[in-house]
Novice: 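Have a look at this one before I ask anything.
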Amino acid sequence: MRTNAQIAADLATIAQLMDLLGEDSFRSSANARASRSIESLTAELSTLAGDRAALLKIEGVGPKIADKIIEACTTGRIGELEELRAKVPPGLLPLLNVPGLGPKTVRMFWQQAGVTDLAGLRRIIADGSILALPRMGAKAVEKIKGSLALAAEGGGRLPLGPAAMVARAMVERMRRVKGVAQAEFAGSLRRGRDTIGDVDILVATDDPEAAVRAFTSAPGVVAVLAAGETRSSVRIALGGAASPEAPSAEERDEPAPAAAPHDGPSVQVDLKVVPAESWGAALMYFTGSKDHNVALRQRALDMGYTLNEYGLFPLTDHEKAGGAEPLPPHKRGARPVAAADETAVYKALGLPYIPPELRENRGELALKTTPRLVELDDIKAELHAHTTASDGVLSIEDLARRARQRGFHTIAVTDHSQSSAIANGLKPARLREHIKAVHAARESVKGITILAGSEVDIKADGSLDYADDLLACLDIVVASPHASLSQDPDTATRRLLRAVEHPLVHILGHPTGRLVLKRPGLSPDMAALFAAAKSHDVALEINAHWMRLDLRDVHVHGAVEAGCLLAIDCDVHHPDDFDNLCFGVTTARRGWLTPDRCINCWPADRLHAWLRNKRKNLNTDRHG
DNA sequence: GCCGTTTTCGGCCCGACTGTTTTCAGTCG
């Protein structure tokens with residue numbers, strides 16, 4: 001059996017190999033598009049493989065690709081992929097990940113210089129023979145050398161949290177530049193993806209030069225990659241990154257820091273400068289995603305318009321007849337139908353405002369009204385938090401006060417259970433004492449409900465880490481997997497189902513145990529898990545820490561479609577962890593979660609009644 | 001290789017920037 005992620009990767013590789021072989025680019029991009037479509041699919045392909053009609057309903061999947069999916073699910077391999085692999089040196093594919101190198105250039109290196117891997121590329125750079133190749137001048141080679149150094153230090157994608165830090169600092173900085181009317185971050189960061197390739201900053205100004213100058217001289221900039229009138233790119237060091245208060249090189253009257261020595265990790269930040277009247281169209285354009293934008297532009301064409309980052313423009317009669325204008329509309333003085341704000345552009349396209357998190361071409365263009373998704377201010381309870389009793393840094397009282405400051409009506413104290421020795425998990429006797437301490441804290445901290453709970457380990461076989469009589473003493477039970485996170489899917493499914501079916505469990509905590517970019521975690525049968533969670537009235541957690549974001553967006557969407565309840569929790573260990581809530585909310589929104597299905601949004605009485613209700617059912621069962 | 005309120009065949013989104021070029025190809029988002 002192959003997972004969705006594996007099949008998506010297979011199709012993406014097919015597309016890359018086709019590119020390297022110089023095959024029809026439309027066939028290649030069809031494979032790439034199907035790959036992206038499958039990545040964001042909520043249903044498991046392995047369960048659809050017997051239903052060809054269902055596969056054909058997937059966006060971008062036609063007869064040929066459906067057959068490849070069926071082949072992958074039934075045999076575990078795709079013949080076409082293996083045939084393509086046989087034609088291309090395996091070491092060539094990583095060259096495509098070097099920034100600035102695309103399929104045409106890599107193919108040229110291969111065909112004309114015999115380069116078959118990264119070492120080969122380094123070799124022709126070292127001996128200078130690269131300079132004899134087409135379009136390879138001194139500057140181009142210097143750029144490639146820089147990109148190779150970057151690739152060596154692992155300049156890949158970045159988790160959402162650190163990327164957001166860099167972006168917020170840069171937005172603050174740009175807002176203080178003279179002439180700047182508006183500044184926001186856009187791109188995948190605004191859509192709230194769990195990882196970020198680069199940070200996109202959009203600025204509206206009547207003084208583009210000043211904006212670009214402030215941008216390229218910002219603190220933390222270690223390289224200027226491009227500096228045009230409307231677009232610029234830099235790399236910014238992570239860690240000591242762009243604090244808006246720090247003086248820039250320009251302000252310090254020092255030389256530009258382009259040559260500043262820097263070896264640590266960095267992130268690419270792109271600046272786009274537009275006039276204020278184009279703000280909305282530009283924000284839409286640079287928020288993406290690619291597939292959302294392509295669909296929007298196609299929709300515009302169908303309606304007799306053309307859409308670009310400067311606005312939505314009517315097609316000329318010449319264009320409607322299939323001709324092309326010599327200049328794009330904004331350069332020949334055409335008046336846009338809509339441009340200044342996003343809502344107006346969507347409206348002119350016959351659409352409601354689409355929240356950024358939904359702009360993935362996952363069905364949002366069929367919406368008739370803007371859905372009321374979960375918002376940060378809707379969250380009124382934190383149901384997963386640790387104290388000094390296990391591995392947190394706050395006392396019960398401090399935790400409760402911090403939660404009350406945030407405007408929450410409820411905080412759950414859920415320290416680790418005994419198996420989590422490394423996290424100072426509580427033995428049963430300590431938990432009984434801890435429950436008493438929670439009860440005592442209720443007397444000293446008023447104005448918030450403090451629940452006595454536990455984050456109880458789900459052991460490898462699905463059993464829980466405390467006996468039922470102890471769990472029954474708790475107000476709330478969050479059951480989470482912490483160890484044995486490399487189990488095969490079938491074992492993991494049985495394990496998590498057993499936990500969900502346990503009558504004393506309220507919330508399934510970070511269900512897969514994944515760590516963003518670090519650990520894939522469990523791959524259970526999500527459809528089975530959602531069905532069980534719904535029928536046993538267990539909420540599935542969206543762990544808000546940017547290193548977890550577990551459940552992830554597409555799984556949240558699947559859970560929402562299955563009718564499940566969800567919890568958004570910060571897994572608080574440190575007071576700053578409350579600030580991660582925004583990432584959990586954004587992930588929830590990407591899964592189309594509405595407040596009525598998120599237990600943290602419920603009023604206190606409804607939430608508390610729901611928590612008690614599970615205990616009531618238990619008593620009925622026992623006496624019945 | 002997919003897709004259809006102009007198309008079941010013939011299309012396939014749009015613009016900026018760079019470097020190596022005398023008018024454009026390649027890459028990126």
Side-chain angles (χ1 to χ4, degrees), chain A residues 11 14-15 18-19 23-35 37 55-68 80 96-109 131 133-144 147 186-189 191 196-202 208 212 224-233 268-274 278 281-282 284-313 315 319-322 324-325 327-331 350 361:
Chain A
L11 291 172
I14 287 175
M18 285 178 160
D19 285 340
E23 293 186 12
D24 177 20
S25 65
F26 292 111
R27 284 179 58 220
S28 141
S29 61
N31 279 279
R33 193 157 66 101
S35 166
S37 186
L55 292 177
L56 291 171
K57 284 196 188 122
I58 299 169
E59 186 76 30
V61 173
K64 292 264 178 54
I65 291 178
D67 286 342
K68 289 184 218 177
E80 183 189 355
L96 291 173
N97 296 329
V98 177
L101 295 189
K104 300 269 175 55
T105 310
V106 172
R107 176 174 161 80
M108 185 268 291
F109 287 157
L131 290 164
L133 295 170
R135 294 190 315 280
M136 285 298 134
K139 278 188 171 177
V141 174
E142 276 310 304
K143 272 201 158 180
I144 294 172
S147 298
S188 50
L189 192 61
R191 299 201 310 279
I196 303 302
D198 52 30
V199 173
D200 294 302
I201 307 284
L202 183 67
V212 170
V224 178
L225 308 175
E229 266 182 43
T230 66
R231 299 190 184 193
S232 303
S233 292
Q268 181 169 332
V269 184
D270 296 339
L271 176 75
K272 279 80 159 161
V273 180
V274 296
S278 301
M284 271 174 74
Y285 194 89
F286 292 114
T287 298
S289 69
K290 179 187 174 75
D291 291 328
H292 178 85
N293 283 353
V294 167
L296 279 186
R297 290 195 288 269
Q298 186 58 53
R299 186 184 180 96
L301 286 176
D302 293 345
M303 294 175 71
Y305 300 118
T306 178
L307 178 64
N308 64 23
E309 61 261 55
Y310 299 96
L312 181 69
F313 298 89
L315 291 173
E319 283 173 325
K320 283 180 185 166
E325 297 289 344
L327 284 175
H330 59 285
K331 287 198 172 166
N361 202 25

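Because the structure is predicted, anything quoted here is derived from the model rather than measured. Proteins get letters first, then strands, A, B, ... in listed order; numbering begins at 1 in each.
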Novice: Measuring only the P atom in each nucleotide, how far is B/dT22 from B/dA16? A whole number of Å is fine.
Specialist: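 Pairwise P distance, B/dT22 against B/dA16, rounds to 23 Å.
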Novice: Contact class for A/Arg27 (heavy atom, under 4.0 Å): base, sugar-phosphate, or nothing?
Specialist: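 Contact class for A/Arg27: base.
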Novice: Nearest-Å distance, CG (A/Leu312) to C1' (B/dC14)?
Specialist: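 Roughly 13 Å, once rounded to whole Å.
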Novice: Could you check A/Leu307 against A/Phe286 and say which one's nearest nucleotide on DNA chain B is further toward the 5' end?
Specialist: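 Nearest nucleotide further toward 5': that of A/Leu307.
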Novice: So does A/Lys272 get a side-chain nitrogen or oxygen closer than 4.0 Å to the phosphate oxygens (OP1/OP2) of B/dG29?
Specialist: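 So the side chain of A/Lys272 is outside the cut-off, no N or O lying under 4.0 Å from OP1 or OP2 of B/dG29.
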Novice: Could you tell me how far apart A/His292 (NE2) and B/dC14 (C1') are, to the nearest whole angstrom?
Specialist: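 Going from NE2 in A/His292 over to C1' in B/dC14 covers 15 Å.
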Novice: Could you measure between the two P atoms, the one in B/dG11 and the one in B/dC17, and give it in whole Å?
Specialist: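 Their P atoms lie roughly 31 Å apart.
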Novice: What is the ring orientation for A/His330 with A/Phe313, classed by angle as parallel under 30°, tilted 30 to 60°, or perpendicular over 60°?
Specialist: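 Tilted.
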Novice: If I pick the P atom on B/dT27 and the same atom on B/dT20, what distance separates them, to the nearest angstrom?
Specialist: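 My reading of the P atoms in B/dT20 and B/dT27 gives 14 Å.
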Novice: How far, in whole Å, is B/dT7 from B/dC12 if one measures between their P atoms?
Specialist: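 B/dC12 and B/dT7 have their P atoms separated by 15 Å.
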Novice: Quote, to the nearest angstrom, the C1' distance that separates B/dG1 from B/dT6.
Specialist: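 Taking atom C1' in both B/dG1 and B/dT6, they lie 22 Å apart.
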Novice: Name all residues meeting the side chain to side chain contact (heavy atoms under 4.5 Å, CB included) criterion together with A/Ala140; count only those two or more places apart in sequence or in a different chain, and write none if there are none.
Specialist: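 Checked A/Ala140 against side chain to side chain contact (heavy atoms under 4.5 Å, CB included); matches are A/Met136.
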Novice: For B/dC14, does either OP1 or OP2 sit under 4.0 Å from a side-chain N or O belonging to A/Thr306?
Specialist: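 So the side chain of A/Thr306 is within the cut-off, an N or O lying under 4.0 Å from OP1 or OP2 of B/dC14.
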Novice: Can you tell me how far C1' in B/dC14 sits from the matching atom in B/dC9, rounded to whole Å?
Specialist: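 The same atom, C1', in both gives a distance of 25 Å.
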Novice: Can you tell me whether the side chain of A/Tyr285 and the base of B/dG29 have a donor-acceptor pair closer than 3.5 Å?
Specialist: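 Such a pair is found, so the answer is yes.
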Novice: Any side-chain N or O of A/Lys331 under 4.0 Å from OP1/OP2 of B/dA16?
Specialist: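 Affirmative; the distance criterion is met.
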Novice: Provide the Watson-Crick or G-U wobble partner of B/dT18, both distances under 3.5 Å; none if there is no partner.
Specialist: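 Its partner is B/dA25 (Watson-Crick or G-U wobble, both distances under 3.5 Å).
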Novice: Could you tell me the separation between the CD atom of A/Glu309 and the P atom of B/dC28, rounded to a whole number of Å?
Specialist: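 Interatomic distance, CD of A/Glu309 to P of B/dC28: 18 Å.
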Novice: Below 4.0 angstrom from OP1 or OP2 of B/dA16, is there any side-chain N or O of A/His330?
Specialist: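 So the side chain of A/His330 is within the cut-off, an N or O lying under 4.0 Å from OP1 or OP2 of B/dA16.
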Novice: Should A/Pro208 and A/Glu229 count as side-chain neighbours, where that means a heavy-atom distance under 4.5 Å?
Specialist: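 They are not in side-chain contact.
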Novice: Checking the side chain of A/Asp200 only, and the main-chain atoms of A/Ala186 only, is there a donor and an acceptor separated by less than 3.5 Å?
Specialist: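 Flag not set: sc A/Asp200 to bb A/Ala186 has no pair under 3.5 Å.
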Novice: Classify the nucleic acid contact of A/Ala300 as base, sugar-phosphate or nothing, counting any heavy atom under 4.0 Å across all strands shown.
Specialist: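 If one applies the 4.0 Å heavy-atom cut-off, A/Ala300 turns out to touch nothing in the nucleic acid.
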Novice: Under 4.0 Å between a side-chain N/O of A/Arg231 and OP1 or OP2 of B/dA16, yes or no?
Specialist: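 Checking A/Arg231 against B/dA16: no side-chain N or O falls below 4.0 Å of OP1 or OP2.
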Novice: State which of B/dG19, B/dG1, B/dG26 makes the closest approach to the side chain of A/Glu80.
Specialist: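 Per side-chain heavy atoms of A/Glu80, the pick is B/dG1.
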Novice: Mind running side-chain contact (heavy atoms from CB on, under 4.5 Å) on A/Arg33 and A/Glu59 for me, showing each step along the way?
Specialist: CA-CA 9 Å; A/Arg33 193 157 66 101; A/Glu59 186 76 30; 3.9 Å; yes
Novice: Could you tell me whether the phosphate oxygens of B/dC17, OP1 or OP2, come under 4.0 Å of any side-chain nitrogen or oxygen in A/Thr230?
Specialist: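 Result: yes.
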Novice: Just the rounded figure in Å: distance from P of B/dG11 to CZ of A/Phe26.
Specialist: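 For the pair A/Phe26 CZ and B/dG11 P, the rounded distance is 10 Å.
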Novice: May I have the distance from A/Leu133 (atom CG) to B/dT20 (atom P), rounded to whole angstrom?
Specialist: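 These atoms are roughly 12 Å apart.
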Novice: Looking at CG of A/Leu55 and CD1 of A/Ile65, how far apart are the two atoms once the value is rounded to the nearest 0.5 Å?
Specialist: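 Here the rounded value is 11.0 Å.
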Novice: Considering non-hydrogen atoms only, spot the tightest contact between A/Ser188 and A/Gly197 and give its length.
Specialist: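 Minimum heavy-atom separation between A/Ser188 and A/Gly197: OG-N, 4.4 Å.
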Novice: Have a look at A/Leu296 and tell me which of A/Leu301, A/Leu312, A/Leu307, A/Asp291 forms a side-chain contact (heavy atoms from CB on, under 4.5 Å) with it.
Specialist: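 For A/Leu296, the side-chain contact (heavy atoms from CB on, under 4.5 Å) check succeeds only for A/Leu307.
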Novice: Categorize A/Ala32 for me: base, sugar-phosphate, or nothing, with a 4.0 angstrom heavy-atom threshold over every strand shown.
Specialist: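 Nothing, no nucleic acid heavy atom in range.
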Novice: Assess whether side-chain contact (heavy atoms from CB on, under 4.5 Å) is satisfied between A/Phe109 and A/Leu101, documenting all intermediate values.
Specialist: CA-CA 10 Å; A/Phe109 287 157; A/Leu101 295 189; 4.0 Å; yes
Novice: Tell me what A/Asp24 touches on the nucleic acid: a base, only sugar-phosphate, or nothing, going by heavy atoms under 4.0 Å.
Specialist: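 Answer is base: heavy atoms of A/Asp24 come under 4.0 Å of a base.
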Novice: Map A/Gly102 and A/Val294 onto DNA chain B by nearest heavy atom, then report which one ends up closer to the 5' terminus.
Specialist: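 Upstream on the strand: A/Val294.
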Novice: Which whole-number value in Å describes the distance from A/Leu101 CG to B/dG26 P?
Specialist: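 Those two atoms, CG and P, are 13 Å apart.
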Novice: Using a 4.0 Å heavy-atom cut-off, does A/Lys143 contact any base of the nucleic acid, only the sugar-phosphate backbone, or nothing at all?
Specialist: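 Answer is sugar-phosphate: A/Lys143 comes under 4.0 Å of backbone atoms only.
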Novice: Over how many whole Å does the gap from A/Arg299 atom CZ to B/dC14 atom C1' extend?
Specialist: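 Going from A/Arg299 (CZ) to B/dC14 (C1'), I get 19 Å.
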Novice: A/Pro329 has a side chain; which of B/dG15, B/dT20, B/dG1 sits nearest to it?
Specialist: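 The listed nucleotide nearest to A/Pro329's side chain is B/dG15.
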Novice: Listing time: all N or O pairs from protein to nucleotides 2-5 of chain B that are below 3.5 Å?
Specialist:
residue: B/dC2; atom: OP1; partner: A/Gly62; partner atom: N; Å: 2.9
residue: B/dC2; atom: OP1; partner: A/Gly62; partner atom: O; Å: 3.2
residue: B/dC2; atom: OP1; partner: A/Lys64; partner atom: N; Å: 3.4
residue: B/dC2; atom: OP1; partner: A/Ile65; partner atom: N; Å: 3.0
residue: B/dC2; atom: O5'; partner: A/Gly62; partner atom: N; Å: 3.3
residue: B/dC3; atom: OP1; partner: A/Gly60; partner atom: N; Å: 3.0

Novice: Counting C-beta onward and ignoring hydrogens, is there a side-chain heavy-atom pair between A/Thr306 and A/Pro329 closer than 4.5 Å?
Specialist: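 Yes - at least one pair of side-chain heavy atoms lies under 4.5 Å apart.
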Novice: Report the distance from atom CD1 of A/Ile144 to atom P of B/dT18, rounded to the nearest whole Å.
Specialist: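 A/Ile144 atom CD1 is separated from B/dT18 atom P by 16 Å.
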Novice: Write down the distance separating the P atoms in B/dT23 and B/dC28, rounded off to the nearest Å.
Specialist: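 Nearest-Å result for B/dT23 against B/dC28 at atom P: 25 Å.
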Novice: Mind checking if A/Leu296 touches a base, just sugar-phosphate, or nothing, with heavy atoms under 4.0 Å?
Specialist: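 Answer is nothing: A/Leu296 stays at 4.0 Å or more from every strand.
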